K.L.:
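Here it is, the structure in full.
None of these values were measured; they are calculated from a predicted model. Values reported hereafter were calculated over all heavy atoms of this structure, with side chains retained and with hydrogens, waters and symmetry mates removed.
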Amino acid sequence: MSNDSDKGSTGKVEVHPVTSVAYGEIQDFISNTQQHNQHHNLDSLALTDEKKAHRLLEVAKANLELAQETGYTPELKRNFGVLSLLGVGFGLTNSWFGISASLITSISSGGPMMVVYGIIIVAFISMFIAITLSELVSSMPNAGGQYYWTMKLAPKKYAPFASYMCGAFAWAGSVFTSASVTLSIASSVVGMYMLYHPEEEVKTWQVFVAYEIANVLLVFFNIWERPLPAISQTSLYVSLASFFIITVVVLAKSSGDFQSAHFVFVEFTNGTGWSSSGIAFIVGLINPNWSFSCLDAATHLAEELLEPRKQIPIAIIGTVIIGFITSFTYSIAIFFSIKDLDSLYVSNTGVPIMDIFHQVCGSKAGAIGLELLILLTAIGCNIASHTWQARLCWSFARDNGLPGSKYWSQINTRTGQPVNAHIMSCAWCAVIGCIYMGSSTAYNAMVIGCIIFLLMSYAVPVTFLLIKGRDNIPHGPFWLGKLGLVSNYVTLFWAIFTTIFYSFPPVMPVTAGNMNYVSAVVGVFGVYCVIYWFARGKYKFTTIDEREGQIDELTHQLSNQLSELEVILSHKREA
């Protein structure tokens, strides 16, 4: 396994022979074919291997394009398609599940009305963010996503530091996302137990233990590359099926006994303690915002697709569209079916959505059954989050963006996955879970950390794009002109807006236990990144010039590989 993130004594990136996973798959086919030809004619071989040869030819072309444009060695197998990519993108964003999981945040910040209108507002803004990300990935597909775009767009003097900070914040956002999803799984499991034990109260240590167990168990789904696309597709189907089943069951069990339209669309319930309803509403937006976050996930699989310029925009835009349809429909059905809103505030489960199921179904077994569908969806969401955070960590480590990058930048040749990066990221999820032991609003902090870190990482390349000029970069197949320009400005505005207002305390009066610590987390992490940069990072981080200095040699190696495949395929046709 080559590690092209290593630098030699000159400080430049050393160029190694291409021995990546993708290359090895192709080279094995070439070697086996050549060996086979020594003993057999090509007729029988053409019948069995021509389909594989065609596929590997497309892979070789995609690998060559990656090397020609970026100077990166192709190291991952290109086994993802649009559906499996959508499985990662929507499976992670999973808007209807996000509404369910973080309902505890918004139910006291305005009630149903806040969530319904919040979904409309955030989905509208998210479409602009999706357009921005789709244009950038269509122009410059790379597993590094936003940090790579920053590297390409920023002035050379500032590009290394800006790219490094962007990559660090993006990876931190992905880890906080995994932590928040894992905590929702833990809360769901403990909540189901509490539903059958109404005399007990949820204890912090119970959720913490469930969190750490779930974090460890879900590690294994991202160890092997081969089943991952199928797992991603299955997660998509499970999510959509769960959404449909829960929506239908809730409406059917309500038997026409619904809340009024005034309750769902007009009545505002401020249980935050904030005297300003406007601030309470903005704080409540955290719930639907989390439900439409992580839109960059698909961009980090750019090196695992045959046509990333076309396929990734489809997945990103599709994620927002499907997310809005499912979350809006789901919320309307759930909120019209609520029997007693006040009882949600005093429930012992800590899982408002399950309490609503209990009210509607009239039985604990029915509530548990529907909550199990939520749990299955959450597991798929967590697996997708692990896929995403591992790619972010690995790609950032390729350019020496992390301490110990030589370990995190490795691809396991047996499993075809960035296993080291995956395990290290999950280890940090375990550490972040300890926040829950110290703060009753830890879930809120994890959700906000996910949103702010990611939006800040989007804002960096967008800022440099606008400075450089949108017409001064190559346009990909997905490019929307003036609408894209508007989308860029909306993305910047939303990043600034959320960073300010989402740092406000979720409830008043503020205590040490319910304080919103996200500003402290972002601040401390930012200070650490700056200190590390000046102490070590700027000497190790691979610049765009150093990276692109590898292009000629990599292109030569991959061109030879492509030529060999073309010769084999032409012989098959002649045979």
K.L.:
Ignoring hydrogens and geometry, is there a side-chain-to-backbone donor-acceptor pair from E200 to H197 under 3.5 Å?
P.N.:
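It does not hold such a pair.
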K.L.:
Between E371 and H358, do the side chains contain a donor N or O and an acceptor N or O under 3.5 Å apart?
P.N.:
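On atom types as modelled, these side chains do not qualify, holding no pair under 3.5 Å.
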K.L.:
Using a distance-only test with no angle check, is there a side-chain donor-acceptor pair under 3.5 angstrom linking Q233 and S84?
P.N.:
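The answer is no; no qualifying pair exists.
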K.L.:
Tell me, with the steps shown, if W96 and T247 meet side chain to side chain donor-acceptor pair (under 3.5 Å).
P.N.:
CA-CA 11 Å; W96 76 269; T247 303; over 6 Å; no
K.L.:
Test side chain to side chain donor-acceptor pair (under 3.5 Å) on W149 and N142 and set out the steps.
P.N.:
CA-CA 8 Å; W149 305 331; N142 186 279; over 6 Å; no
K.L.:
Rounded to the nearest 0.5 Å, what's the gap from OG1 on T377 to CG on L372? Could you check?
P.N.:
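It comes to 10.5 Å.
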K.L.:
Assess, by modelled atom type and distance only, whether the side chains of S343 and Q359 contain a donor and an acceptor separated by less than 3.5 Å.
P.N.:
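Per modelled atom types, S343 and Q359 side chains form a pair under 3.5 Å.
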K.L.:
Can you tell me how far the OG atom of S457 sits from the CD atom of Q146, to the nearest 0.5 Å?
P.N.:
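The CD atom of Q146 is 4.0 Å from OG of S457, to the nearest 0.5 Å.
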K.L.:
How about F504 and F501: are their ring centres within less than 6.0 Å of each other?
P.N.:
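Yes, ring centres under 6.0 Å apart.
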K.L.:
Count the heavy atoms belonging to other residues, nucleotides or ligands that lie under 6.0 Å from CZ of F244, then report whether that count exceeds 12.
P.N.:
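Open: at most 12 neighbouring heavy atoms sit under 6.0 Å from CZ of F244.
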K.L.:
Will you find, in the side chains of W394 and N420, an N or O donor that is under 3.5 Å from an N or O acceptor?
P.N.:
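Short answer, no.
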K.L.:
Below 4.0 angstrom, N of the basic side chain to O of the carboxylate: do E303 and R398 qualify?
P.N.:
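Result for this pair is yes, salt bridge flagged.
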K.L.:
Would you confirm whether the ring centroid of F525 sits within less than 6.0 angstrom of the ring centroid of F169?
P.N.:
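So the answer is yes for these two rings.
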K.L.:
Are D399 and Y148 close enough that a side-chain donor and a side-chain acceptor fall under 3.5 Å?
P.N.:
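Result is no, nothing qualifies.
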K.L.:
May I have all residue pairs that pass side-chain hydrogen bond (donor to acceptor under 3.5 Å, both in side chains) and include part of residues 316-333, sequence neighbours excluded?
P.N.:
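For residues 316-333, and leaving out neighbouring residues, the side-chain hydrogen bond (donor to acceptor under 3.5 Å, both in side chains) pairs sorted by first residue read S100-Y330.
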K.L.:
I would like to know whether T349 and S347 meet side chain to side chain donor-acceptor pair (under 3.5 Å); could you show each step before the answer?
P.N.:
CA-CA 6 Å; T349 67; S347 170; 3.2 Å; yes
K.L.:
Does some side-chain heavy atom of I432 sit less than 4.5 Å from a side-chain heavy atom of I435?
P.N.:
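Answer yes - side chains close enough.
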K.L.:
To the nearest 0.5 Å, what is the distance between NZ on K253 and CG on L370?
P.N.:
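Between atom NZ of K253 and atom CG of L370 there are 10.0 Å.
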K.L.:
Hey, what do you get for CG (L301) to CG (L228), rounding to the nearest 0.5 Å?
P.N.:
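With rounding to 0.5 Å, CG (L301) is 8.0 Å from CG (L228).
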K.L.:
Can you find a side-chain donor-acceptor pair between E304 and N79 that sits under 3.5 Å?
P.N.:
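Looking only at side-chain atoms, N79 and E304 do not form any donor-acceptor pair under 3.5 Å.
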K.L.:
Report yes or no: do T150 and S163 form a side-chain donor-acceptor pair below 3.5 Å?
P.N.:
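On atom types as modelled, these side chains do not qualify, holding no pair under 3.5 Å.
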K.L.:
Rounded at 0.5 Å granularity, tell me how far CD1 in I316 sits from CG in L86.
P.N.:
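Here the rounded value is 11.0 Å.
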K.L.:
Would you check, one step at a time, whether the test side chain to side chain donor-acceptor pair (under 3.5 Å) holds for Q389 with S178?
P.N.:
CA-CA 8 Å; Q389 71 176 14; S178 293; 2.8 Å; yes
K.L.:
Go through the side-chain N and O atoms of Q417 and R391 and say whether any donor and acceptor fall under 3.5 Å apart.
P.N.:
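There is such a pair (donor and acceptor under 3.5 Å, judged by atom type) between the side chains of Q417 and R391.
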K.L.:
Just how far is it from atom CG of L83 to atom CZ of F90, taken to the nearest 0.5 Å?
P.N.:
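L83 CG to F90 CZ: 13.0 Å, rounded to 0.5 Å.
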K.L.:
So F258 and F336, would you call those rings parallel, tilted or perpendicular, with 30° and 60° as cut-offs?
P.N.:
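Correct class here is perpendicular.
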K.L.:
Ring centroid separation for F497 and W494, is it under 6.0 angstrom?
P.N.:
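That pair passes the under 6.0 Å test.
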K.L.:
Does a donor on one side chain sit under 3.5 Å from an acceptor on the other, for S95 and S291?
P.N.:
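Short answer, no.
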K.L.:
If the condition is side chain to side chain contact (heavy atoms under 4.5 Å, CB included), which residues does S138 pass it with, not counting sequence neighbours?
P.N.:
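Checked S138 against side chain to side chain contact (heavy atoms under 4.5 Å, CB included); matches are R309, P313, P477, F478.
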